[in-house]
Amino acid sequence: MALSVETESHIYRALRTASGAAAHLMALGFTIFVTVLARPGSSLFSWHPVLMSLAFSFLMTEALLMFSPESSLLRSLSRKVRARCHWVLQLLALLCALLGLSLVILHKEQLGKAHLATRHGQTGLLAVLWASLQCSGGVGLLYPKLLPRWPLAKLKLYHATSGLVGYLLGSASLLLGMCSLWFTANVTGGTWYLAVLCPVLTSLVIMNQVSNAYLYRKRIQP
């Protein structure tokens, strides 16, 4: 028996709500897992995985889900307030990423190791640089008068697309980090596969939620 359009819509929204809730939990759980594993403060390097997972797994996930009509934790608030919260979370993510990058550079200097010698390091640097540019671009959305020649709708579209690319770069950096000697020496077997699934699944959810949030906004705008 065929389902009605209304029933299909309810099922679709329920699935999106469930996937969004799963993304919240996986982002938080993965960050806590890495924090416990790294034991921050036990060494200079120990802060690097903690700060990077906090930036690219938890803070950025929460920042991007802020605009989801089903999954935002603050969806009852106005869009203006959520935009401010999004900007604050992204700024915190950038600061954590910059600090995490600085500490691993200092760690390698102390050990006399080469910088950017791995795909993980190269992708991580690109993700941090992209996040820096993305935050700079966000200023234009907060203060559109700074860019009077650019239509606001196009700025939002470019910013959302660029932000999604930056998030995927951050997730790729996390995945490559889980192939590093440090991570594979401490995490093996099924636990490693479960850890890998976290950024993979959250990336899939974010891609779906971001694209649908933009389409939803287009539908409700006159």
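Numbering starts at 1 and runs along the sequence shown.
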(request) Taking the side chain as every heavy atom from C-beta outward, state whether L168 and M207 have any atom pair closer than 4.5 Å. (result) yes

(request) Could you check V34, L174, T202 and say which one makes a side-chain contact (heavy atoms from CB on, under 4.5 Å) with S57? (result) L174

(request) May I ask you to decide if S132's main-chain N or O and S136's side chain share a donor-acceptor pair within less than 3.5 Å? (result) yes

(request) Keeping the roles fixed (side chain from S46, backbone from S43), state whether a donor-acceptor pair exists under 3.5 Å. (result) yes

(message) Closer than 3.5 angstrom, by distance alone: can the side chain of W182 be matched with the main-chain N or O of P49 as a donor-acceptor pair?
(response) no

(request) Taking R75 for its side chain and S68 for its backbone only, find out whether a donor-acceptor pair lies under 3.5 Å. (result) no

(message) Donor-acceptor check, side chain of H48 to backbone of G100, threshold 3.5 angstrom: yes or no?
(response) yes

(request) Hey, can you tell me if F183 and F33 have their rings parallel, tilted or perpendicular (30° and 60° cut-offs)? (result) perpendicular

(request) Would you sort out whether E62 and H86 count as a side-chain hydrogen bond (donor to acceptor under 3.5 Å, both in side chains), showing the intermediate values? (result) CA-CA 8 Å; E62 294 303 321; H86 168 82; over 6 Å; no

(request) Could you pull out all residues at least two apart from L74 that satisfy side chain to side chain contact (heavy atoms under 4.5 Å, CB included)? (result) M66, S72, L77, R82, C85

(request) Determine yes or no for a side-chain-to-main-chain donor-acceptor pair under 3.5 angstrom, with H120 supplying the side chain and S173 the backbone. (result) yes

(message) Test of understanding: with side chain to side chain contact (heavy atoms under 4.5 Å, CB included), list the residues that count as partners of I32, not counting sequence neighbours.
(response) L28, V36

(request) Starting from the C-alpha separation in whole Å, work towards a yes-or-no answer on side-chain hydrogen bond (donor to acceptor under 3.5 Å, both in side chains) for T31 and S53. (result) CA-CA 5 Å; T31 304; S53 60; 4.6 Å; no

(request) Taking atom CG of L111 as the centre, report whether more than 12 heavy atoms of other residues, nucleotides or ligands fall under 6.0 Å from it. (result) yes

(message) Within the supplied structure, the quantity of interest is the number of heavy atoms (other residues, nucleotides, ligands) at a distance under 6.0 Å from W87 CH2; does it exceed 12?
(response) no

